[in-house]
Participant: 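Sharing a structure below in structure tokens format, with a few things to ask.
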Amino acid sequence: MTITDEDCLAETLAFNEQFEAAAASRPARGQAPSADTLALLRRNRLGGDTPPVRLPHAQSRVVEGGVKLRMFVPDRVDGVYLHIHGGGWAFGSADGQDERLWRLAVQARLAVVSVEYRLAPEHPFPAGPDDCEAVARWLVEHAATEFGTERLLIGGESAGAHLSVVTLLRLRDRHGITGAFRAAHLLFGPYDLSMTPSQRSFGPRQLLINTDSLRGIYELFTPGMDVERRRDPELSPLFANLAGLPPARIVVGTEDPLLDDSLFLAGRWQAAGAPVQLGVVAGAMHGFTLFPLTVTEREQRRERDFLATA
């Protein structure tokens, strides 16, 4: 394991300290939040306390199955990136990162298609994965006519990274589709919903998520399931057969309770035969790319370069 961005460690750790100190004023995540708390989390930016900026030139679309999409189509399109947002399967939205996704679309020459999948607790597993699977199949069938390219990529952040892997496995296992998506970009995802050692040992630190909030979020997404049921490969891709998946870039910070998830997945992904780039960012907490940090600028540049050349 190679740790990157150690030259930014002081800045990154200082931000973590400030974020943790302000934790008391933020709504709690997981733990079956009240309707008011859930509404607030869904209204505001992930990791922030203000609504996101919605760009007028983003396109809205509804595809087969009634799934809504947010599309960003630049003048030049060399591929299509299926983006799946994070938010613990319970908040976040396809229109919550317009500025970042539009910048990625222009710089990487990609049509970015973000999925407005159904959210827990109103729509627990398997609703969200069903929606992502439906959009992925739509792209496999229609990307060439809609966007003029069959070069497909997939990825997301946190729960979106989990859903990206689940989607690739569903395409392979349910529809016999492999190779349609050329690469996967996976940022700090949870890949074992029965909890890896780093999830269990992280404790109460208020760095966006912690051990207790992860337990609460898993209960929202998979209500009433015990630990053994959550190890099912349909829920926890770390336990799946990963053969036939595309090259991947897997990224996590050293101060993320999901650290083990990315380390373990990278090892199993590579052992299954696909190339993996593993990025472990010094001092970075969960969701660090949501915040204005030097490591965020670097990571967004690496993401763009990976997706542009995959």
Participant: What is the distance from atom CD1 of I209 to atom CG of D256, rounded to the nearest 0.5 Å?
Facilitator: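 Rounded to the nearest 0.5 Å, the CD1-CG separation comes out at 5.5 Å.
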Participant: Charged N to carboxylate O below 4.0 Å: is that the case for R298 and E11?
Facilitator: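 A salt bridge is absent here (no side-chain N lies under 4.0 Å from a carboxylate O).
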Participant: Could you give the distance from CD1 (I250) to CD (Q277), rounded to the nearest 0.5 Å?
Facilitator: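 Nearest 0.5 Å value for the CD1-CD distance: 10.0 Å.
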Participant: Counting neighbours of CD on E141 that are heavy atoms of other residues, nucleotides or ligands and sit closer than 6.0 Å, is the number greater than 12?
Facilitator: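 Buried by this count: over 12 neighbours within 6.0 Å.
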Participant: Which of these, R151, R109, R182, sits in a salt bridge (Lys or Arg N to Asp or Glu O under 4.0 Å) with D78?
Facilitator: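 Of all the options given, the one that passes is R109.
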Participant: Is there a donor-acceptor pair under 3.5 Å between the side chain of D5 and the backbone N or O of A282?
Facilitator: no
Participant: Any donor and acceptor pair, going by atom type alone, linking the side chain of T296 with main-chain N or O of P292 inside 3.5 Å?
Facilitator: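 Absent.
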Participant: Enter the distance from S213:OG to R205:CZ here, rounded to the nearest 0.5 Å.
Facilitator: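 With rounding to 0.5 Å, OG (S213) is 13.0 Å from CZ (R205).
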Participant: If you measure only the distance, is there a donor-acceptor pair under 3.5 Å linking the side chains of H286 and S158?
Facilitator: yes
Participant: Ion pair present between R61 and E116, side-chain N to carboxylate O less than 4.0 angstrom?
Facilitator: no
Participant: How long is the span from the CD atom in E303 to the CD atom in Q107, to the nearest 0.5 Å?
Facilitator: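 Between atom CD of E303 and atom CD of Q107 there are 10.5 Å.
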Participant: Can you say whether the rings of F147 and W138 are parallel (under 30°), tilted (30 to 60°) or perpendicular (over 60°)?
Facilitator: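 Judged by the thresholds at 30° and 60°, the geometry between F147 and W138 is perpendicular.
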Participant: What I want to find out is whether K68 reaches D131 closely enough, with some N-O distance under 4.0 Å, to be called a salt bridge.
Facilitator: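 Here K68 does not pair with D131 in a salt bridge, since their nearest N and O are not under 4.0 Å apart.
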Participant: Got a salt bridge between R302 and D305, using NZ or NE/NH1/NH2 to carboxylate O under 4.0 Å?
Facilitator: no
Participant: Check the orientation of F72 and W102. Use parallel for under 30°, tilted for 30 to 60°, and perpendicular for over 60°.
Facilitator: tilted
Participant: Tell me whether the rings of F125 and F221 are parallel (<30°), tilted (30 to 60°) or perpendicular (>60°).
Facilitator: perpendicular
